[in-house]
Amino acid sequence: MWQIAVDSQVLDANSSYAYLLWCRDFGATSVVAEIDGDIAGFVTGYLRPDAPEVVFVWQVAVNHAFRGRGVGVAMLDHLVNCAAEQGISILETTVSPDNEASVAMFASLARRRGARMSRESLFAPEDFPDGHEPEDLYRISPLGNSGDHITEDHR
Ligand SMILES: CC(C)(COP(=O)(O)OP(=O)(O)OC[C@H]1O[C@@H](n2cnc3c(N)ncnc32)[C@H](O)[C@@H]1OP(=O)(O)O)[C@@H](O)C(=O)NCCC(=O)NCCS
C-alpha cells in the first residue's frame, strides 16, 4: 500500500508505519486488491466517529500496471457492499479539483449504485500549511442499492 501510494505521485504518501497501523485498526473499512499475486490497489476508509452511518474513503490507488481495468471501482463497490450490510448509508471522500480520474471513478460508483453524488468545498488551499491543493467533499448516497442496476436519473 505504501509503495503504491508513493508510486502514484499524486497521493499524499503517509509513512509506512501509518499504513501498518491503519490496517491493524481500520482493516474492516479498507480493501486491498490482489491480482495474480501482485498487490494491484488499495482503499483506506473509516467510519466517521461523529457520524457512524458515514464511511469516509481516504485514499484509493491502483498500481499503474492495473489501471483502466475497473479495479478502483471494484474495490469501492466491495467496500460499499460490506458497509451497506452494516447499515452504513453514505460514502464521503475528498478529491482535488484537478483529479479527473478520481472524480470519474466515484461518479462511476454512484451510477452503479443508482445513488446521488454531491460536491461541496471542504478544505481550501489556505487551510493547509504546505501549499496543498484544495480538497472538495463528495458525498454519495444512498448506498443501499445493489451495484448491478444503473439509473441515470439518480446520478
Ligand atoms: C483514480 C484511480 C484509483 C482509478 O483507478 P482505476 O482502476 O484505473 O479506475 P477504474 O478502471 O475502476 O475506472 C473507474 C471509472 O473511472 C474512469 N476513469 C479511470 N481513470 C480515468 C482517467 N484517467 N480519466 C478519465 N476517466 C477515468 C473509467 O473510465 C471508469 O468509468 P466508467 O465506469 O464510467 O467506465 C487511479 O487512476 C489512481 O490510482 N490514481 C492515482 C491515485 C489517485 O488519484 N487516487 C484518487 C484520490 S484519493
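Read the numbers this way: they start at 1 and go in the same order the structure lists the ligands and their atoms.
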N or O pair under 3.5 Å between [X] and ligand 1:
X: A74; result: no
X: V73; result: yes
X: S8; result: no

What is the closest protein heavy atom to [atom], and at what distance does it sit?
atom: atom 25 (C) of ligand 1; result: A104 CB, 4.2 Å
atom: atom 7 (O) of ligand 1; result: G72 N, 2.9 Å
atom: atom 22 (C) of ligand 1; result: A101 CB, 3.5 Å
atom: atom 2 (C) of ligand 1; result: M105 SD, 4.1 Å
atom: atom 47 (C) of ligand 1; result: S102 OG, 3.5 Å
atom: atom 43 (C) of ligand 1; result: V60 O, 3.6 Å
atom: atom 11 (O) of ligand 1; result: G70 N, 2.7 Å
atom: atom 41 (C) of ligand 1; result: R67 NH2, 3.4 Å

Specify whether the nearest protein heavy atom to [atom] is under 4.0 angstrom away.
atom: atom 28 (C) of ligand 1; result: no
atom: atom 35 (O) of ligand 1; result: no
atom: atom 13 (O) of ligand 1; result: no

Salt-bridged, R48 to E53, with N to O below 4.0 Å?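 Salt bridge between R48 and E53, a charged N being under 4.0 Å from a carboxylate O: no.
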Counting only heavy atoms not in [X] (residues, nucleotides, ligands), do more than 12 fall under 6.0 Å from its [atom1]?
X: D130; atom1: CG; answer: yes
X: H64; atom1: NE2; answer: yes
X: E100; atom1: CD; answer: no

Is it the side chain, the backbone, both or neither of [X] that has a heavy atom closer than 4.0 Å to ligand 1?
X: V62; result: both
X: V57; result: neither
X: S108; result: side chain
X: R69; result: backbone

Inter-residue atom distance [X].[atom1] - [Y].[atom2], 0.5 Å rounding:
X: I88; Y: L47; atom1: CD1; atom2: CG; answer: 4.5 Å
X: L20; Y: D25; atom1: CG; atom2: CG; answer: 11.5 Å
X: D12; Y: E135; atom1: CG; atom2: CD; answer: 7.0 Å

task = Answer with yes or no whether the hydrophobic clustering places F66 together with L109; edges join I, L, V, M, F, W, Y residues whose side-chain heavy atoms lie under 4.5 Å apart.
result =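 Linked within one cluster.
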Show me which atoms of ligand 1 lie under 4.0 Å from any heavy atom of [X].
X: L11; value: 42 (C), 43 (C), 45 (N), 47 (C), 48 (S)
X: G68; value: 6 (P), 8 (O), 11 (O)
X: V10; value: 44 (O)
X: N99; value: 43 (C), 44 (O), 46 (C), 47 (C)
X: R111; value: 32 (P), 34 (O)

- Message: Go through it in stages, so that I can follow the logic: the residues are N63 and D7, the test is side chain to side chain contact (heavy atoms under 4.5 Å, CB included), and I'd like the CA-CA distance, side-chain angles, deciding distance and then a yes or no.
- Response: CA-CA 8 Å; N63 187 328; D7 290 347; 5.9 Å; no
Discussion item. Would you say that Y138 contacts F106 through its side chain, given a criterion of any heavy-atom pair below 4.5 Å between the two side chains?
Written reply: no
- prompt: So do the side chains of R116 and I140 get within less than 4.5 Å of each other, counting heavy atoms only?
  reply: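 In short, these two side chains do not touch, never coming nearer than 4.5 Å.
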Relative to each other, are the rings of F128 and F123 parallel, tilted or perpendicular (30° and 60° limits)? perpendicular
Below 4.0 Å from any atom of ligand 1, is there a heavy atom belonging to Q9?
-> no
**Prompt:** Hey, is V95 one of the residues with a heavy atom under 4.0 angstrom from ligand 1?
**Reply:**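 So V95 does not count as touching ligand 1.
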Margin query: Hydrogens and angles aside, do Y19 and Q59 bring a side-chain donor and acceptor to less than 3.5 Å of each other?
Written below: yes
**Steps toward side chain to side chain contact (heavy atoms under 4.5 Å, CB included) verdict (V95, S102)** = CA-CA 7 Å; V95 182; S102 187; 3.6 Å; yes
Scanning both residues in full, the closest heavy-atom pair of A40 with I4 reads C-CD1, 4.1 Å
